[in-house]
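Notes to accompany the following structure.
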There are 2 protein chains.
Amino acid sequence: MLEFRLVQGSLLKKVLEAMKDLVNDANFDCSSTGFSLQAMDSSHVALVSLLLRSEGFEHYRCDRSISMGMNLNNMAKMLRCAGNDDIVTLKADDGGDCVTFMFENPSQDKIADFEMKLMDIDSEHLGIPDAEYQSIVRMPAAEFARICKDLSSIGDTVLISVSKEGVQFSTRGDIGTANIVCRRNTTVDKPEEAVIIEMEEPVSLTFALRYLNSFTKATPLANQVTISMSSDLPVVVEYRIEDIGYIRYYLAPKIEEEDEAAAAAEAFSRTETEPKHTAKAKPKADLKPKVEPNPESEMKIKEDKVSITEIKDEDNKTVLEINDEEKNSPVESKAEEETNTPKEPKIETMELE
Amino acid sequence: MLEFRLVQGSLLKKVLEAMKDLVNDANFDCSSTGFSLQAMDSSHVALVSLLLRSEGFEHYRCDRSISMGMNLNNMAKMLRCAGNDDIVTLKADDGGDCVTFMFENPSQDKIADFEMKLMDIDSEHLGIPDAEYQSIVRMPAAEFARICKDLSSIGDTVLISVSKEGVQFSTRGDIGTANIVCRRNTTVDKPEEAVIIEMEEPVSLTFALRYLNSFTKATPLANQVTISMSSDLPVVVEYRIEDIGYIRYYLAPKIEEEDEAAAAAEAFSRTETEPKHTAKAKPKADLKPKVEPNPESEMKIKEDKVSITEIKDEDNKTVLEINDEEKNSPVESKAEEETNTPKEPKIETMELE
DNA sequence: TAGTTAAACT
DNA sequence: AGTTTAACTA
């Protein structure tokens, strides 16, 4: 028996709006400590990780851990039927193949319940390494969203460069170029407007704006966003959900094209002479973990079972592999249905447990 | 070297939104006195004229007059990246082929610069006669916009009839007819709601609503709109931009169809028996200027060099030609790329200087 | 996939 | 009324 009650029902609505564009189907993992989800986007380029801790709920009961496969689009549709001030209750029987959403409006005179069929989603549980990052930027979530949206009207990718003084976003497209600089700004009286840079090493990385724009669907969940970057790790874009958890997005950086390589050279310690090969053919011996997993990490996974791999595929795109050493053959998620041409660097498999 | 700074950056955003639907590419003419643009719409039916005087800018520097060809859609895209409260600076080097837009947010912690390639647009400089008009209507810009939008759901054209008491907008379509009358109303306490009629002679003219609806994109720039009409001149729809200039739209009236001819008969002294012919094939000798240029006119151009010609093309549509007598062959703008079927009356060439 | 238009919310 | 978001169309 699983049952939890969330007074601020709009929170769950926003969480689903923040995931449904990126992920079609995913397992919600419920345990006594809370409610979590990890899933790769349908083209296996980005990864979403959600955590809602049990303490954040008004009432939380989970007799035994269960994994509920849901179509996020359908779940979002149902949650859209809840008013923003409604109290949302989610119920599921242990053996059942259904989940029930119950919405109570504030005056308790309207009670709705929606039942949704669960799905059997054969997804590996993705463990995510909690690495140390060379640069961490905290800035207003709305501002980051605005920048990504604006730049995507000029170009397809953004080069994010962090220095002690601030963070610069730049792009280039057919109609011209754009450069946006956000200066470090630790305004004390308005913490939600602060731009905070924690930099150990300057970083310059390029990302596909298409995915960043998907990530910013989480903007209504938090005032601030945290962008954590290291040269050879996927960027982490985190929205902390007050008192209850977070939603995090991971995206592998793109390799610069020749003409942009110079600008990125200092940030990338990668050798430009590295031979190209296909991701699948890449021998394990060539793997070059750049960042050791943090031993202090809160990760549930064992670090010695994780390797982060960066290789180039035939299109000179980056492929990051984070592999369980006991499972050397990457397993494609069977939930994958889309026929996207894989132009993006792929986080091929994040099966870490 | 050209550089100007506009504290109210949203103004430039609105100006571009007000032009981009009508004009693809145009030259911005910058001189020490200000910033101006004249361009015909892509089907050569309507004309836009923009003026932003140097006094309206916080800082204005233009060492020598230059003409910068821009794609208005791309320029609008870039300006959309400016916040509404941003300070906008435009810069261009004299010899350069680029223009730079710089946006500073009010707290100065976010600075963006956008660079856009200039185009070589081979457009004649359009001089526009400043005629006297038989009827001038001033009314709230939002009300005019609403009327044009509403009527365009009924019909394609609007008959605007001005009398001392007010102005009437009427249309007819498959589903019925519509009539909107705005009474003269010089409310003293709310000047922005006034409807003011300056009438020397009653006027009834028909215009394509499609174009008027494009013109009303300028509504956010001004509280009031001025509509100046004479029987055989293009209507002028003017939005004054406070403290800095104006945007004006010109559109030739349509000839009434048979069933509507009666209503317009008094306004048009045209003979219904005039034979039909194609605009281009029409020999010069057949042109019948209907209205002599007003000798009292404030026009800057010499009247004897101007002829206003009204002819019908094969579709029984009006074509107004305002020709310099020294240039008998109408010159198509080379910026013209669209392949619109020229169903609308054309202001063929407005080269009057 | 991008742009535009309509609708809903603030 | 303005702004932001969603849905539809090209």
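In what follows, every chain begins at residue 1, and chains take the letters A, B, ... in the order their sequences are listed.
C:dC9 atom P lies 13 Å from atom CD of A:Glu17, rounded to whole Å. Atoms CG (B:Asn84) and C1' (D:dT3) sit 9 Å apart, rounded to a whole Å. Here the C1' atom of nucleotide C:dA8 and the NZ atom of A:Lys13 are 12 Å apart, to the nearest Å.
Below 30°, between 30° and 60°, or above 60°: for B:Phe101 and B:Phe103 the angle between ring planes is below 30°, a parallel geometry. Below 30°, between 30° and 60°, or above 60°: for B:Tyr239 and B:Tyr249 the angle between ring planes is above 60°, a perpendicular geometry.
Rounded to the nearest 0.5 angstrom, B:Asp156 CG and B:Arg172 CZ are separated by 13.0 Å.
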Side chains of residues 16-23 of chain B: which donor-acceptor pairs under 3.5 Å do they make with residues two or more places apart or in other chains?
| from | atom 1 | to | atom 2 | distance (Å) |
| --- | --- | --- | --- | --- |
| B:Glu17 | OE2 | B:Arg80 | NE | 3.0 |

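Remark: A:Ser152 engages A:Asn213 in a side-chain hydrogen bond (donor to acceptor under 3.5 Å, both in side chains) (not counting sequence neighbours).
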Please write out the pairs of protein N or O atoms and N or O atoms of nucleotides 2-7 of chain C separated by less than 3.5 Å, giving the distance to one decimal.
| from | atom 1 | to | atom 2 | distance (Å) |
| --- | --- | --- | --- | --- |
| C:dG3 | OP1 | B:Lys77 | NZ | 3.1 |

